[in-house]
Peer 1: 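Pasting a structure below so you can have a look.
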Number of protein chains: 2
Amino acid sequence: MNESEVVELHKASQILKLLGDKTRLTMMKLLQTHDCCVCEFVEIFKMSQPAISQHLRKLRDVGLVKEERRGQWIFYSINNEHEDYPFVQSILNHLPEQNGLVVDLEAQGLRISCN
Amino acid sequence: MNESEVVELHKASQILKLLGDKTRLTMMKLLQTHDCCVCEFVEIFKMSQPAISQHLRKLRDVGLVKEERRGQWIFYSINNEHEDYPFVQSILNHLPEQNGLVVDLEAQGLRISCN
DNA sequence: ACACTATATAATCATATGCTTATATAAGCA
DNA sequence: TGCTTATATAAGCATATGATTATATAGTGT
């Protein structure tokens, strides 16, 4: 890993504050391996749809994730063009995989795959 | 760098929330290279003493820093015995050095060195 | 065009956060 | 012992945050 990408302090604290919420942190870890749409997050976190939307908006506002419409769903994915993407990845790499959450969704037949 | 130290999600978000404050994040970066006492932080951040104390308490409550009395001052330092010390370090390593803050202190003759 | 589904936004509210002022504690020193 | 300095704690307050419910927007399919 290369830790030489220096992140300005103000930006770093802004990013860390965003990641300092368990829901958003889990979202980011999930997005590291799976693009997800809003309704999947709603299922995974057992949280209201607006609550999910608002978390995603915060992540999008600073450019950590991007959205893309696929059919009737809007999928979110990690924005690897973000200037501080390496910083974010290095944090996420310390977290345990959350694939179980997606696997559970699939088991329930709730995983969206629109292709 | 070894990113294999896995930090449980709840703990990670708790740590990131603490670091998601510009004052505390700068404190931690400073402590990476210099032990500091409370009054030095007060000078550096131009912030009230209770405000500084409260930030330090939050960092201490989760064990990220430890305190040690030296003469009439209480010095804070990074707790490198913390279970998630590697995680914290890997974050701090992305931040620009803040030594200028301490150098300025010294220039003003306000650096405490009690030995 | 109409109904249905997915998502976003707005308004509201309870709780959390970070600061301030006032006060307590505790060590150093005359 | 009493004064001074360094730090911690308590109380109060303004703002931020994260949730909820209600509503708007925008595709999809009939």
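The chains referred to below are lettered A, B, ... by the order of the sequence lines, with proteins before strands, and numbering in each begins at 1.
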Peer 1: Checking base pairs now: Watson-Crick or wobble, both atom distances under 3.5 Å. What partners C:dA30?
Peer 2: D:dT1
Peer 1: Quick check: does any side chain N or O of B:K46 sit under 3.5 Å from a backbone N or O of B:E43, one acting as donor and the other as acceptor?
Peer 2: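 Such a contact is found between B:K46 side chain and B:E43 backbone.
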Peer 1: C:dC19 C1' sits how many Å from B:K46 NZ, rounded?
Peer 2: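 Atom-to-atom, B:K46 to C:dC19, this comes out as 18 Å.
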Peer 1: Output the single nucleotide from C:dT7, D:dG18, D:dA8 whose closest atom is nearest the side chain of A:C39.
Peer 2: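 Closest nucleotide among those given: C:dT7.
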Peer 1: Calculate the interatomic distance between A:E68 atom CD and D:dG27 atom C1'; express it in whole Å.
Peer 2: 15 Å
Peer 1: Determine, stepwise, if the pair B:Q32 / B:E97 fulfils side-chain hydrogen bond (donor to acceptor under 3.5 Å, both in side chains).
Peer 2: CA-CA 9 Å; B:Q32 219 185 10; B:E97 290 300 332; over 6 Å; no
Peer 1: Less than 4.0 angstrom between a side-chain N/O of B:S48 and OP1 or OP2 of C:dC19, yes or no?
Peer 2: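 Looking at the OP1 and OP2 atoms of C:dC19, neither is under 4.0 Å from any side-chain N or O of B:S48.
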Peer 1: Can you check whether B:D84's main-chain N or O pairs, donor with acceptor, with B:H82's side chain at less than 3.5 Å?
Peer 2: yes
Peer 1: Could I get the full list of ring pair (Phe, Tyr, Trp, His ring centres under 6.0 Å) partners for A:F87, not counting sequence neighbours?
Peer 2: B:H94
Peer 1: Evaluate the criterion salt bridge (charged side-chain N to carboxylate O under 4.0 Å, His left out) for residue pair A:K11 and A:E83; output intermediate values, then yes/no.
Peer 2: CA-CA 10 Å; A:K11 286 189 63 189; A:E83 181 181 13; 2.7 Å; yes
Peer 1: Measure CD1/B:I52 against C1'/C:dC19 and give the value in whole Å, please.
Peer 2: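 Going from CD1 in B:I52 over to C1' in C:dC19 covers 11 Å.
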Peer 1: May I have the distance from B:M47 (atom CE) to C:dT21 (atom P), rounded to whole angstrom?
Peer 2: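 So the two atoms are 13 Å apart, to the nearest Å.
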Peer 1: Given D:dG18, C:dT7, C:dT21, identify the nucleotide with an atom nearest to the side chain of A:I74.
Peer 2: C:dT7
Peer 1: Tell me which residues in residues 53-63 of chain A lie within less than 4.0 Å of DNA chain D, going by non-hydrogen atoms.
Peer 2: A:Q54, A:H55, A:K58
Peer 1: Please give, in whole Å, the distance from D:dT7 C1' to B:E67 CD?
Peer 2: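 Rounding to the nearest Å, CD of B:E67 and C1' of D:dT7 are 9 Å apart.
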Peer 1: Residues from residues 13-20 of chain B sitting under 4.0 Å of DNA chain D, heavy atoms only?
Peer 2: none
Peer 1: State, with a plain yes or no, whether a side-chain heavy atom of B:R24 is found less than 4.5 Å away from one of B:L59.
Peer 2: yes
Peer 1: In sequence, state the C-alpha distance, the side-chain angles, and the governing distance for A:E68 and A:R70, and then conclude on salt bridge (charged side-chain N to carboxylate O under 4.0 Å, His left out).
Peer 2: CA-CA 6 Å; A:E68 176 200 356; A:R70 293 189 208 160; 3.6 Å; yes
Peer 1: Please confirm whether any donor atom in the side chain of A:Q49 sits under 3.5 Å from an acceptor in the base of C:dA8, or the reverse.
Peer 2: yes
Peer 1: Does A:Y76 put a side-chain nitrogen or oxygen below 4.0 Å from OP1 or OP2 of C:dA8?
Peer 2: yes
Peer 1: Mark yes or no for whether B:R69, through its side chain, and B:G71, through its backbone, hold a donor-acceptor pair below 3.5 Å.
Peer 2: yes
Peer 1: Test your reading of the model: is there a side-chain donor-acceptor pair from A:N79 to the backbone of A:L64, 3.5 Å cut-off?
Peer 2: no
Peer 1: Which nucleotide in the set D:dA8, D:dA6, D:dT20 lies at the smallest distance from any side-chain heavy atom of A:P50?
Peer 2: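 Output: D:dT20.
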Peer 1: With respect to the side chain of B:Q72, which nucleotide from D:dT9, C:dA27, D:dA6 is positioned closest?
Peer 2: D:dA6
Peer 1: Could you state the CH2-C1' distance from B:W73 to D:dT5, rounded to the nearest angstrom?
Peer 2: 9 Å
Peer 1: Measure the distance from CZ on A:R69 to P on D:dA26 and round it to the nearest whole Å.
Peer 2: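 Taking atom P of D:dA26 as the reference, CZ of A:R69 is at 10 Å.
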Peer 1: Tell me, with the steps shown, if B:D21 and B:K58 meet salt bridge (charged side-chain N to carboxylate O under 4.0 Å, His left out).
Peer 2: CA-CA 11 Å; B:D21 174 275; B:K58 288 183 186 184; over 6 Å; no
Peer 1: In whole angstrom, what separates A:F75's CZ from D:dG27's C1'?
Peer 2: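 Taking atom C1' of D:dG27 as the reference, CZ of A:F75 is at 15 Å.
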Peer 1: For B:R24 and C:dG18, is the shortest distance between a side-chain N/O and OP1 or OP2 below 4.0 Å?
Peer 2: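 Yes, within the criterion.
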